[in-house]
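Report on one structure; see the data block that follows.
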Amino acid sequence: MPIQILSDDVASQIAAGEVVERPASVVKELLENSLDAGARSINIRIEGAGQRLIEVSDDGDGISQGELTLAVARHATSKLRTAEDLFHITTLGFRGEALASIASVSRFSITTRRTGAEVGSHIRVEGGAARPVEGAGGPEGTEVRVEDLFFNVPARLKFLKHDSTERGQIDGLVTRYALAYPQVRFQLWQDNRATLKTSGNGDRREILAQLYGIEIARQLLEVNSDEDGRHMNGFISPVALTRSNRRDITFFINGRWVQSVPLTTALVQAYHTLLMVGRFPLAVVFLNLPPEEVDVNVHPAKAEVRFREPERIFSLVQRGTRRALLAYSPVPSIGLPQWQTAAAQPRVIDPAWDMAADLKSDSRPAELPEEALVPSETVGAAPVELPSGQLPLLRLIGQVGLSYLVAEGPDGLYLIDQHAAHERVLFERLMKQVAGKSIPAQALIEPAVVTFPPQQAGLFSHQMDALEHIGFQIEPFGPASFRVRAIPALLVSMDPAAALRVLVEDFEEDENPLRSEIEGRVAARVCKRAAVKAGQAMSIEEQKKLVADLETCQSPRTCPHGRPTMIHLSVDLLERQFGRRGSR
Ligand code: ADP
Ligand code: MG
């Protein structure tokens, strides 16, 4: 093919591809425009997960009739003039690209009235083609409507995730912006259901409660730190409150939501040695930096930034976080008043605290000989071979460290992790009952009500089927709340609300698992919650029962999440370790 200059249509669709990836990216651009226009109140209506309609209306400055055509033209902006301006951007937008991009892949319209203007105006753009501007009524401010997103780029539609995921993305985005701008009133409606309403009274805790639920919002620690005109504030989780991934770590820089791996790492490292491996904090952090120290012009959706002096920013985050943690930690736990007062005393912080040194001094537990960690199957042949990894009859010896059971079998010694083993036992029983469609349920005398943050409520409602199938009785109870009426009798010892919470934690990871898979995963999670914990004393009877139950399991050697339930020290291994063999 000869080289040709692309037609405007094609060029703007390519540009749109970078900015408008999914409905939530449209919402983000429109929100940013409203905030740039000085809005005090922003209303967002979503229909059909954003594919049918995204409507954002604000009470900001508005656009004058004479400029409306320009507003939807590419590279037209009121926020930037010279290339020099790029290096001290104080608005969220600056490229003049968003509206044109969105309009090129949707049926788009703006109705707006400039502050103080007698009348307003209206423009419609369909798949990039703008109609003439018309006069219109309406309040001061701007209303942007985006209908039938991607109607002219069907290929894009195929990349969208499940509706509940797209809705969740929008809920998460708007809630985070509401947090960053607590003095602005936000209302978000999804299919005529309000999923977020903030008062605009400046109180961030109130909004945190909507994002994470009241209990979590109450526990979050406040960060506030200032170093040479660079400011960090926000909220971080105490060490007792963790997540299994980094997704709940949010950064805003100068009012802009950004994704930054190094910033996230800096924050996580501040928790070093305080959290278990594989657990991560929750955080919402706002950084205010001199605009000329941040390059915002490095990412199409402006979601990434570059710092002029990265180390300074990382250490600001690290020190600020560490300071807040040490000042409060450990988190007061409920019901232990004496311990609480003793622990709440701020500890002295070493001003010369050094991350690198801290990392090096990482103390590891004394290591077992390598052989002992190899699964028993590969270490010598067990004298008694059993089908499909099942266990021989075991004789309980006792509990060690309140966490492990020691048992003896014909083929050596078994060290059993009580928590993992119990998980396995509960899981197999529950799945058996599910398969036999006979799940004894236990009605709760007092139904438990669980409230989720909006974006999780959507995900959760998606799992209700699976939960019902494994014996829960749950019903929606208000916009983001659910009422648990009954739980599987097998799990009666657990706190239903706590159990349900863990379910939504990383469900987003794979969006559309098979139904049977969802059930298994949901069951595994619930069983993990219900299982006896490490550190919990067990009576001899309970220990015996657990070992006996484990013997009847199909896959007794791993927990439902795949971790080992036991270490087997075979007779053979013991003999070799004690030098009774090999020397002959
Ligand atoms: P940018 O935000 O980068 O300038 P956009 O394409 O998002 O580019 O918007 C183009 C212009 O339209 C903005 O510069 C602004 O002048 C105007 N505009 C867009 N949305 C609004 C709004 N909600 N209120 C007032 N003006 C707006
Ligand atoms: Mg913009």
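In this text, all values refer to a predicted model and were calculated from it rather than measured experimentally. For this chain, numbers begin at 1 and follow the sequence in order. Just so you know, ligand 1 is whichever comes first in the structure, and atom 1 is the first atom listed for that ligand.
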Would you call [X] and [Y] a salt bridge, using N to O less than 4.0 angstrom?
{"X": "K302", "Y": "E32", "answer": "yes"}
{"X": "R131", "Y": "E126", "answer": "yes"}
{"X": "R52", "Y": "D191", "answer": "no"}

Can you check whether [Y]'s main-chain N or O pairs, donor with acceptor, with [X]'s side chain at less than 3.5 Å?
{"X": "E147", "Y": "L53", "result": "no"}
{"X": "H231", "Y": "S225", "result": "yes"}
{"X": "D59", "Y": "S41", "result": "yes"}
{"X": "R113", "Y": "G138", "result": "yes"}

Pairs under 3.5 Å, nitrogen or oxygen of ligand 1 with protein nitrogen or oxygen:
from     : atom 1 : to   : atom 2 : distance (Å)
ligand 1 : 2 (O)  : N33  : OD1    : 2.9
ligand 1 : 2 (O)  : K79  : NZ     : 2.7
ligand 1 : 3 (O)  : F94  : N      : 3.0
ligand 1 : 3 (O)  : R95  : N      : 3.0
ligand 1 : 3 (O)  : G96  : N      : 2.8
ligand 1 : 4 (O)  : T77  : OG1    : 2.6
ligand 1 : 6 (O)  : A98  : N      : 3.3
ligand 1 : 6 (O)  : L99  : N      : 2.9
ligand 1 : 7 (O)  : N33  : OD1    : 3.0
ligand 1 : 7 (O)  : N33  : ND2    : 2.8
ligand 1 : 8 (O)  : G96  : N      : 3.4
ligand 1 : 14 (O) : T77  : OG1    : 3.4
ligand 1 : 14 (O) : S78  : N      : 3.0
ligand 1 : 14 (O) : S78  : OG     : 3.1
ligand 1 : 16 (O) : S78  : OG     : 2.5
ligand 1 : 20 (N) : N33  : ND2    : 3.4
ligand 1 : 23 (N) : D58  : OD2    : 2.9
ligand 1 : 24 (N) : T142 : OG1    : 3.3

| Atoms (protein N, O or S; no water) under 2.8 Å from the Mg ion (ligand 2) |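 That number is 1, waters not included.
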
| L179 pairs by side-chain contact (heavy atoms from CB on, under 4.5 Å) with which of F252, F186, F286? |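 Of the listed options, the one satisfying the test is F286.
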
| query | Measuring from Q318:CD to M232:CE, what's the distance to the nearest 0.5 Å? | reply |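 So the gap between those two atoms works out to 10.0 Å.
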
